[in-house]
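Here is the structure we will look at, set down as structure tokens.
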Amino acid sequence: MSFIPFSLHATLMANLSEQGFSKPTPIQKETIGLAIEGHDVMGLAQTGTGKTAAFLLPILQRLGQTRRIPRALIVVPTRELAEQIRAVFEQLGKGTGLRWAMAYGGVGINPQITKLKKGVDVVIACPGRLLDHIERGTVDLSKIEVLVLDEADRMFDMGFLPDIRRIVKKLPAERQTLLFSATMPENIRSLARDVMRDPKTVEISHSMPPATVTHALFAVSDNQYKTPLLLALLKQIDRDSVLIFTRTKYRAERLTRQLISAGHRTTSLQGNLSQGRRKAAMDGFREGTFRIMVATDIASRGLDVSSISHVINYDIPAHVDDYVHRIGRTGRAAKDGDAFTFVTPDDADLVRAIEKRMGSRLARRILEGFKESEQPNAHLKKAKPAGQAAKAHKSSGQRRHFGPPRSGGRRR
Ligand code: ADP
Ligand code: MG
């Protein structure tokens with residue numbers, strides 16, 4: 001699909017092609033039409049998915065020509081973001097004659113006042129300075145038709161929600177509100193309920209992990225070496241909070257016990273915890289009481305802890321989507337993160353599937369000083385005939401969701 005179905009003005013189409021935007025990103029595809037129709041829209045998508053154009057294009061389309069009175073107000077948490085939006089506004093709005101003013105702190109207010117006085121169509125603002133302008137009477141918000149709240153979750157993190165509510169009170173009730181966010185904490189939901197009218201919600205699931213994550217595979221010849229490898233790895237890496245994934249609840253419980261007995265402050269999150277214990281585990285992990293959390297895929301949905309420096313896949317996930325989801329727990333808010341995956345020879349097909357999705361080969365790494373042959377149980381594996389080894393897996397409660405490829409069989 002191209003931008004054609006949105007019937008944008010010719011100038012905007014020309015600007016899009018000049019920018020090399022040949023087709024809308026998923027969030028743009030879902031939100032632009034709704035916004036042009038005049039709906040309030042709540043757009044949820046991770047950073048880097050093209051949210052700026054998702055709200056700027058409908059605004060540019062709607063404003064048409066300059067009238068030199070603010071008709072669109074874009075509120076963002078930081079001045080860096082305000083400047084980024086201005087840059088995109090200049091690119092996509094080239095040749096429209098629409099005018100803008102900035103309203104953020106940390107710089108003199110007088111040049112902003114001068115610019116506002118000259119008459120602008122769009123105001124790009126941070127909450128504090130905008131309130132300052134409102135109090136001084138240097139910005140006229142009586143004709144605002146469109147309000148954009150961008151990076152709503154960050155505004156909440158930075159304590160701006162009370163300011164936002166004060167600003168919204170100064171705007172015409174008859175307006176369109178567009179709210180964009182990477183996550184949707186309850187506070188943003190409740191803000192949306194108060195300031196939006198029948199909003200359409202568009203949520204784009206994370207199909208690719210953040211670019212700030214470094215991926216690596218660590219090979220083990222057999223499952224029994226995963227815990228010794230993990231303990232050795234934990235000693236070597238420079239870590240903040242570490243989130244470790246196992247394939248089953250049983251394996252999560254067992255690994256948690258092993259880590260605790262090795263002296264690591266560890267909590268776990270798996271499906272059969274009560275709501276209270278779940279919350280205690282989450283809070284303890286978020287606050288740093290526990291530096292390590294062992295989790296299963298289902299339990300980790302929605303987990304948003306900004307201090308996770310490492311995601312370790314003790315077991316490779318059975319689905320590529322789960323890999324993307326797990327990895328998305330680190331590298332949040334543009335922080336760096338490492339994603340390590342332990343792989344056995346049985347995991348080769350899954351590794352290939354993940355690499356295909358990532359579009360590149362994942363780095364293979366070897367942990368310095370770690371030798372399987374030096375592990376206490378190294379001799380057992382060789383001594384066991386194959387049949388018994390399989391039985392041993394079972395009796396230890398370990399369920400295998402996938403094994404060597406079965407011809408024609410669907411694997412999970
Ligand atoms: P977000 O606000 O979701 O973090 P941005 O609006 O900053 O994302 O866009 C991220 C990047 O994607 C920018 O470099 C932007 O130029 C680019 N981009 C946005 N829309 C498109 C598109 N339709 N086609 C190609 N690139 C795009
Ligand atoms: Mg953005």
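As the structure is a computational prediction, the values presented were derived from the model and not from experiment. Numbering of ligands and ligand atoms starts at 1, following listing order.
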Report yes if some heavy atom in the side chain of [X] is under 4.5 Å from a heavy atom in the side chain of [Y]; otherwise report no.
X	Y	value
Ile85	Val148	no
Met42	Thr201	yes
Phe160	Arg154	no

_N-O pairing of Arg197 and Glu174 below 4.0 Å_ =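 A salt bridge is present here (some side-chain N lies under 4.0 Å from a carboxylate O).
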*Taking N or O atoms only and a 3.5 Å limit, does Thr49 qualify as a polar contact for ligand 1?*
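It does: an N or O of Thr49 is found under 3.5 Å from an N or O of ligand 1.
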*Can an N or O of Ala53 be found at a distance shorter than 3.5 Å from an N or O of ligand 1?*
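No - when backbone and side-chain N and O of Ala53 are compared with those of ligand 1, no distance drops under 3.5 Å.
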*Per-residue contact class, Lys23 against ligand 1 - non-hydrogen pairs under 4.0 Å*: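 Backbone only.
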*Which bit of Phe3 is near ligand 1, meaning a heavy atom under 4.0 Å away: side chain, backbone, both or neither?*
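Only the side chain of Phe3 comes within reach of ligand 1.
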*Residue pair Thr344 / Tyr225, side-chain donor-acceptor N/O under 3.5 Å*: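 No.
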*Does any donor atom in the side chain of Ser221 or Glu372 lie under 3.5 Å from an acceptor atom in the other side chain?*
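Yes, because at least one side-chain N or O of Ser221 sits under 3.5 Å from a partner of the opposite role on Glu372.
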_Sub-4.0 Å atoms of ligand 1 with respect to non-hydrogen atoms of Thr52_ =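 Checking each atom against Thr52, I get 2 (O), 5 (P), 6 (O), 7 (O).
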*Check ligand 1 against Thr25 and write out every atom of the ligand that is under 4.0 Å from a heavy-atom position of the residue.*
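In order of numbering, the contacting atoms are 20 (N), 21 (C), 22 (C), 23 (N).
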*With respect to atom 25 (C) of ligand 1, which of Phe180, Phe21, Phe55 exhibits the smallest heavy-atom separation?*
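Ranked by closest heavy atom to atom 25 (C) of ligand 1, first place is Phe21.
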